[in-house]
Amino acid sequence: MCGRYTIIKSPVELEKEFEIDINKEVFETTYNLAPSQNGLVITNQHKNEGQFFKWGLIPFWAKDEKIGYKMINARSETLIEKSAFKTPLQKRRCVVIADGFYEWKKIGKEKHPSYIYLANKKPFAMAGLWETWSSPAKETIHSFTIITTKANEFMSTLHDRMPVIFDNNSDINLWLDNELSANEHLQLLQQLPSDKMAMHQVSQMVNSPKNNQPSLITPLENLGTLF
DNA sequence: CCAGACGTTGTT
DNA sequence: GTCTGG
DNA sequence: CCAGACGTTGTT
DNA sequence: GTCTGG
C-alpha cells in the first residue's frame with residue numbers, strides 16, 4: 001500500500017537518473033505528496049518526458065472524477081480481471097517517480113508514520129497505470145494509480161502490502177515497452193528485495209496533508225533531541 | 001438480454 | 001468501455 | 001494515506 | 001459512519 005510519498009531530489013538529478021526532460025517551471029519539491037495532487041510520471045507514450053499527472057485514477061468512462069479518490073492503488077494480482085485496470089494495463093502503463101514513501105502503523109488510536117526509501121538513497125520508480133479523462137465541461141485530466149504487491153519481509157513489520165518498485169532503468173523500460181505482452185508486463189511486478197530498503201520512524205506531522213517541510217522525513221529520535 | 005458496477009486498505 | 005449479476 | 005466535514009430552512 | 005479534500 002502506498003498513500004503518501006516524497007519528491008525531494010532536484011529535477012536535474014531526476015532527469016539524469018531516468019533519462020527524461022522535466023519542465024522545471026511546473027516541478028515542485030514535496031515532502032508530503034497526497035492523493036489528488038500532481039505526481040511526476042513517465043508514460044509508455046512519452047518515455048523521455050517527465051509529466052505531472054493527478055494521483056487517483058479516473059477511468060475515461062467515469063461520469064464523476066470523484067472515483068479517483070478510491071483508485072489510488074491497484075493490486076498487481078488482480079489487474080487483469082478488474083475492469084477499471086484491464087485496459088490501462090495493456091495500453092496505459094507508467095512509472096511514478098519518488099525518493100521515499102510513508103506507511104502508518106495504528107497503535108491504539110494513534111497513527112504512527114514511518115518513512116521508507118532505498119538503502120542507497122537513490123530515487124526510484126513505482127509501477128503505475130494512467131488515464132485521460134474529459135470532464136463534462138471538456139476539461140482534460142490525466143491521472144494515475146500506483147500498483148501494489150505483497151510486502152517483502154522488511155516491509156511486513158509495517159504492512160502486508162507495498163508498492164511495486166523498479167530500482168533500475170532496464171526494468172522501467174520493459175514495463176513501458178509497448179511490444180511486450182500483458183503476461184510479460186505482469187511478470188515485472190515483483191517485490192523489491194528487503195536488503196535494498198531502509199526505513200525510520202518520523203513524527204506525526206506528516207499525518208496532515210497540509211504539512212510539507214524537510215522535517216517530515218527527519219528520524220523521530222533526532223527530532224526529539226532538537227528541543 | 002439489460003442494468004449496474006467499475007477500488008484498496010485496514011479493522012472487526 | 002467492459003465485466004458481472006440477474 | 002490522514003484530516004476534517006458532514007445541513008436545510010427561513011430570515012436578515 | 002462515510003465522504004471529500006489535500
Side-chain angles (χ1 to χ4, degrees), chain A residues 1-7 28-40 52-93 96 98-117 126-136 139-152 155-165 182 189 191 199 201-213 215-217 220:
Chain A
M1 179 261 314
C2 180
R4 222 66 87 69
Y5 66 91
T6 66
I7 309 177
E28 281 179 52
T29 295
T30 171
Y31 293 87
N32 194 5
L33 198 147
S36 81
Q37 298 177 336
N38 287 333
L40 177 63
F52 298 91
F53 285 9
K54 188 180 166 88
W55 186 5
L57 195 81
I58 309 168
F60 71 96
W61 42 258
K63 292 194 177 65
D64 190 338
E65 66 176 304
K66 291 191 180 92
I67 192 173
Y69 287 118
K70 303 173 181 176
M71 307 274 234
I72 67 169
N73 293 134
R75 292 177 66 92
S76 59
E77 298 91 334
T78 53
L79 286 185
I80 204 132
E81 56 196 59
K82 301 291 183 181
S83 54
F85 301 139
K86 192 171 184 175
T87 313
L89 171 67
Q90 296 173 84
K91 312 223 167 185
R92 291 181 292 276
R93 294 171 309 285
V96 183
D99 26 47
F101 60 94
Y102 300 97
E103 294 284 3
W104 280 263
K105 192 170 200 171
K106 201 168 182 179
I107 302 172
K109 284 180 183 169
E110 302 222 303
K111 294 169 178 180
H112 294 263
S114 291
Y115 184 57
I116 299 102
Y117 44 95
M126 299 182 283
L129 303 171
W130 61 278
E131 281 274 13
T132 303
W133 183 76
S134 291
S135 73
E139 184 195 7
T140 297
I141 299 180
H142 295 291
S143 61
F144 70 91
T145 187
I146 295 172
I147 298 173
T148 65
T149 187
K150 190 179 182 313
N152 61 26
M155 282 290 307
S156 65
T157 58
L158 281 180
H159 276 293
D160 60 345
R161 306 293 302 172
M162 64 184 267
V164 172
I165 294 172
L189 302 178
Q191 296 171 349
M199 70 164 83
Q201 283 192 278
V202 294
S203 87
Q204 289 173 301
M205 284 188 296
V206 76
N207 288 22
S208 173
K210 289 179 193 160
N211 292 327
N212 179 15
Q213 68 264 19
S215 59
L216 296 187
I217 65 165
L220 197 56

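So that the names make sense, note that chain A is the first sequence line, chain B the second, and so on, each numbered from 1.
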Next on the checklist: What is the distance, to the nearest angstrom, from the NZ atom on A/Lys210 to the P atom on D/dA3?
Outcome noted: 11 Å
Checklist entry - Mind checking whether A/Tyr115 and A/Tyr102 have parallel, tilted or perpendicular rings, split at 30° and 60°? => result tilted
Item to check | Exercise: identify the closest heavy-atom pair between A/Gln191 and A/Ala151 | outcome: NE2-O, 3.2 Å
Next on the checklist: Between B/dT12 and D/dC2, how far apart are the two P atoms, rounded to whole Å?
Outcome noted: 14 Å
Checklist entry - Under 3.5 Å, is there a donor-acceptor pair between the A/Thr6 and A/Tyr117 side chains? => result no
Checklist entry - Mind checking who B/dG7 pairs with, Watson-Crick or G-U wobble, both distances under 3.5 Å? => result none
Next on the checklist: Nearest 0.5 angstrom please: A/Lys82 NZ to A/Leu89 CG, how far?
Outcome noted: 14.0 Å
Checklist entry - Taking the C1' atom of each, how far is E/dG6 from B/dG4, in whole Å? => result 31 Å
Item to check | Residue pair A/Thr140, A/Trp133: steps toward the side chain to side chain contact (heavy atoms under 4.5 Å, CB included) verdict | outcome: CA-CA 6 Å; A/Thr140 297; A/Trp133 183 76; over 6 Å; no
Next on the checklist: When the C1' atoms of C/dT2 and B/dG7 are compared, how many Å lie between them, rounded to an integer?
Outcome noted: 16 Å
Checklist entry - What nucleic acid atoms does A/Ile72 come within less than 4.0 Å of, heavy atoms only: base, sugar-phosphate, or nothing? => result base
Item to check | Watson-Crick/G-U partner (both atom distances under 3.5 Å) of E/dG6 | outcome: D/dC1
Checklist outcome for this item: When rounded to whole Å, the CG to C1' distance for the pair A/Asp64 and E/dT4 reads 11 Å
Checklist entry - Looking only at side-chain N and O atoms, does A/Lys86 come under 4.0 Å of OP1 or OP2 in C/dG1? => result no
Checklist entry - Between atom CG in A/Leu89 and atom P in C/dC3, what is the gap in whole Å? => result 13 Å
Next on the checklist: Output the rounded distance in Å from CG (A/Leu33) to C1' (E/dG6).
Outcome noted: 10 Å
Checklist entry - Whole-Å distance between D/dC2 C1' and A/Lys111 NZ? => result 5 Å
Next on the checklist: So if I define the base as every atom that isn't primed, P, OP1 or OP2, how would nucleotides 5-12 of chain B read as a B/S/- string at a heavy-atom cutoff under 4.0 Å?
Outcome noted: -BBSSSS-
Checklist outcome for this item: Taken to the nearest whole Å, CG/A/Leu216 to P/E/dG6 is 18 Å
Checklist entry - For atom C1', what is the distance between B/dA3 and D/dT9, given to the nearest Å? => result 37 Å
Next on the checklist: Regarding A/Phe101, tell me which of base, sugar-phosphate or nothing describes its non-hydrogen contacts under 4.0 Å with the strands shown.
Outcome noted: nothing
Checklist entry - For the residue pair A/Tyr5 and A/Trp55, does the interplanar ring angle fall in the parallel (under 30°), tilted (30 to 60°) or perpendicular (over 60°) class? => result tilted
Item to check | side chain to side chain contact (heavy atoms under 4.5 Å, CB included) between A/Leu129 and A/Arg92, worked out | outcome: CA-CA 6 Å; A/Leu129 303 171; A/Arg92 291 181 292 276; 5.9 Å; no
Checklist entry - Whole-Å distance between D/dC2 P and A/Ile107 CD1? => result 13 Å
Next on the checklist: Counting the atoms with a prime plus P, OP1 and OP2 as sugar-phosphate, which does A/Pro35 contact under 4.0 Å by heavy atoms, base, sugar-phosphate, or nothing?
Outcome noted: base
Checklist outcome for this item: On a heavy-atom basis, the closest approach of A/Ile72 and A/Gly3 is CD1-CA, 4.3 Å
Checklist outcome for this item: Atom CH2 of A/Trp55 and atom P of D/dC2 are separated, to the nearest Å, by 11 Å
